[in-house]
K.L.:
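Here it is, the structure, as structure tokens.
Every chain is numbered from 1, with letters handed out A, B, ... down the list of sequences. Keep in mind that the numbers below use all heavy atoms, side chains included, and drop hydrogens, waters and symmetry copies. What you see is a predicted model; the values in this text were computed from it and never measured.
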Number of protein chains: 2
Amino acid sequence: MTFDEVLADLQAQARTTKHAETGLWVAAQLRSRIEAGKLKPGSKLAEEALREALGVSRNTLREAFTALHAEHIVTRIPNRGVFVAHPTADDIREIYRVRRFLEPAAVLWAGEAPLEPLEAIVKAARAAATAGDISGMAGANQDFHRALVNRAGSERLNSLMDQVLAEMRLVFHSMAANPAFHQPYVEDNARIVELMDAGDRAAAADFLSAYLGRAEAQLLAAVER
Amino acid sequence: MTFDEVLADLQAQARTTKHAETGLWVAAQLRSRIEAGKLKPGSKLAEEALREALGVSRNTLREAFTALHAEHIVTRIPNRGVFVAHPTADDIREIYRVRRFLEPAAVLWAGEAPLEPLEAIVKAARAAATAGDISGMAGANQDFHRALVNRAGSERLNSLMDQVLAEMRLVFHSMAANPAFHQPYVEDNARIVELMDAGDRAAAADFLSAYLGRAEAQLLAAVER
DNA sequence: AAAAGACGGATTGTTCAACAATCTGAGAGA
DNA sequence: TCTCTCAGATTGTTGAACAATCCGTCTTTT
């Protein structure tokens with residue numbers, strides 16, 4: 001590595017270093033608790049209580065709120081406060097509109113990226129399925145779809161997909177969870193990798209698009225009940 | 001319109017009202033000046049000077065900074081300040097990575113949306129071309145690509161595309177502008193609409209993808225000089 | 001004379017406390 | 001039962017303060 005390369009590396013490091021340290025930390029704390037389901041959809045995030053619990057100032061807390069709001073994880077109602085987002089039917093439609101765009105496109109047009117990560121995730125999902133590990137299956141499913149988009153190699157598409165998947169987790173938390181929901185998708189995902197491996201990316205994209213449509217319909221039916 | 005619909009409408013209004021009013025207003029002010037080229041890439045946005053010029057508090061100004069930072073319009077260097085973003089070659093590659101994903105997908109999979117808006121923009125672009133109106137052509141070109149993605153009807157894809165196009169404008173501001181750059185794309189866009197109208201969306205998508213590749217190469221060559 | 005190190009001024013990062021604006025809920029009155 | 005009013009509570013916004021970091025200049029060393 002030349003000296004110039006070291007300089008460039010140091011500069012990149014410096015540019016990506018955390019600068020709003022505390023605010024981001026608070027946002028991460030809240031995010032993890034929301035995604036773990038400890039803060040349920042609809043819950044109000046009272047400023048004063050959180051401020052004291054976290055030991056930060058109101059300004060810092062509100063900075064964290066802004067970040068979570070941008071991620072669609074919380075809802076802001078003016079002069080009323082911040083609430084854990086409670087995805088509606090329209091939100092679910094929007095989520096799947098994005099997914100039916102991003103994921104088939106990734107299957108079709110991210111050709112040169114390796115398939116090994118996908119195969120590894122399918123393997124893990126099968127292991128979780130035989131072990132009856134529901135949350136393991138759910139996690140592997142999310143990992144699979146994230147990895148699919150990740151093959152495009154775009155930072156912005158990755159973060160869009162991360163946001164959408166985070167909202168998906170909120171959807172699961174906001175309805176009575178059906179333990180068997182993720183089961184059929186283990187083999188569906190395996191089939192997609194199989195088709196891609198065989199070079200038939202068009203068929204893989206079609207199959208994926210159809211199954212995203214099925215999943216959407218299933219969630220819409222569940223949420224409208 | 002029924003009473004319930006009026007209620008829903010009012011609720012939607014209330015939810016979309018500006019809540020961080022001042023901060024968003026400041027962000028909009030800065031954004032418009034940056035995109036108009038009045039604040040050139042690389043310029044430092046000094047806090048104290050802007051604070052006084054805008055008549056807002058430092059806190060509010062910094063809130064606007066974080067918003068612009070999230071849009072990749074400004075760069076933050078810890079303890080050094082905020083600068084108007086200066087897109088690198090890697091940034092251009094990332095922009096086109098996203099565009100070659102979003103736009104062909106929109107051509108292929110946003111089938112039922114009307115074509116009239118696209119045709120109107122092509123007409124406006126031709127008028128600007130015959131009038132020799134460079135910035136009119138540039139604007140129509142951006143409008144065209146935004147409208148293309150807009151047909152998908154997804155709020156998030158729209159805002160991603162808006163961000164990418166905003167960064168494109170920064171690219172144009174950060175290099176010696178070639179007045180003839182936008183010219184050939186007027187007829188290329190017309191051809192895309194033509195192919196879509198004929199029902200041959202696959203051909204339209206291929207054509208679009210190829211021409212995005214050409215544009216990327218052209219910009220990369222210009223920026224590396 | 002050139003390079004390294006130390007110092008002071010200026011700018012940014014972070015927090016706190018106060019005031020203004022708005023909403024919620026209870027009670028009075030028709 | 002409904003509407004209106006008012007007090008308490010919560011949020012939106014701001015200004016000021018302190019700590020941390022950086023830049024330019026001067027001094028020291030070789």
K.L.:
Nearest whole Å is fine: how far is C/dG9 C1' from B/E48 CD?
P.N.:
15 Å

K.L.:
Can you check whether A/P87's main-chain N or O pairs, donor with acceptor, with A/E167's side chain at less than 3.5 Å?
P.N.:
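No.
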
K.L.:
With respect to the side chain of A/N59, which nucleotide from D/dC22, D/dA17, C/dC16 is positioned closest?
P.N.:
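Selected nucleotide (nearest to the side chain): C/dC16.
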
K.L.:
Can you tell which of B/R100, B/R99, B/R97 makes a side chain to side chain donor-acceptor pair (under 3.5 Å) with B/E216?
P.N.:
B/R100

K.L.:
Do the side-chain N or O atoms of A/T60 get closer than 4.0 angstrom to the phosphate oxygens (OP1, OP2) of C/dT15?
P.N.:
yes

K.L.:
Can you tell me the distance, in whole Å, between the CG atom of A/N79 and the P atom of C/dT22?
P.N.:
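Checked: the CG to P distance equals 7 Å.
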
K.L.:
From the options C/dG13, C/dA18, C/dC16, select the nucleotide whose nearest atom is closest to the side chain of A/R58.
P.N.:
C/dA18

K.L.:
A/R80 side chain: which of C/dT12, C/dC23, D/dG12 is closest?
P.N.:
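Closest nucleotide among those given: C/dC23.
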
K.L.:
Let me know the distance between CD of A/E63 and P of C/dT15, rounded to the nearest Å.
P.N.:
8 Å

K.L.:
Identify the heavy atoms of B/A105 and A/W109 that sit nearest to each other, and give their distance.
P.N.:
N-CH2, 3.6 Å

K.L.:
Whether the side chain of B/R76 and the base of C/dG13 hold a donor-acceptor pair under 3.5 Å is what I'd like checked.
P.N.:
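No, no donor-acceptor pair under 3.5 Å.
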
K.L.:
Could you please name the option among C/dT15, C/dG13, D/dT10 that lies closest to any side-chain atom of B/E47?
P.N.:
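Of C/dT15, C/dG13, D/dT10, C/dG13 is nearest to the side chain of B/E47.
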
K.L.:
Whole-Å distance between D/dT10 P and A/L61 CG?
P.N.:
14 Å

K.L.:
OP1 or OP2 of C/dG13 versus the side-chain N and O atoms of B/R62: is any pair under 4.0 Å?
P.N.:
yes

K.L.:
How long is the line joining CD1 of A/I77 and P of C/dC23, in whole Å?
P.N.:
11 Å

K.L.:
May I ask you to check whether B/Q29 and B/R33 show a side-chain donor-acceptor distance below 3.5 Å?
P.N.:
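Yes, side-chain donor-acceptor contact under 3.5 Å.
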
K.L.:
Which atom names give the shortest non-hydrogen contact between A/D91 and A/H86, and what distance separates them?
P.N.:
OD2-O, 4.3 Å

K.L.:
Within this structure, what is the NE2-to-C1' distance between B/H69 and C/dT12, rounded to whole angstrom?
P.N.:
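After rounding, the reported distance stands at 15 Å.
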
K.L.:
Is B/K44 close enough to D/dC22 that one of its side-chain N or O atoms is under 4.0 Å from OP1 or OP2 there?
P.N.:
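No, no such contact exists.
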
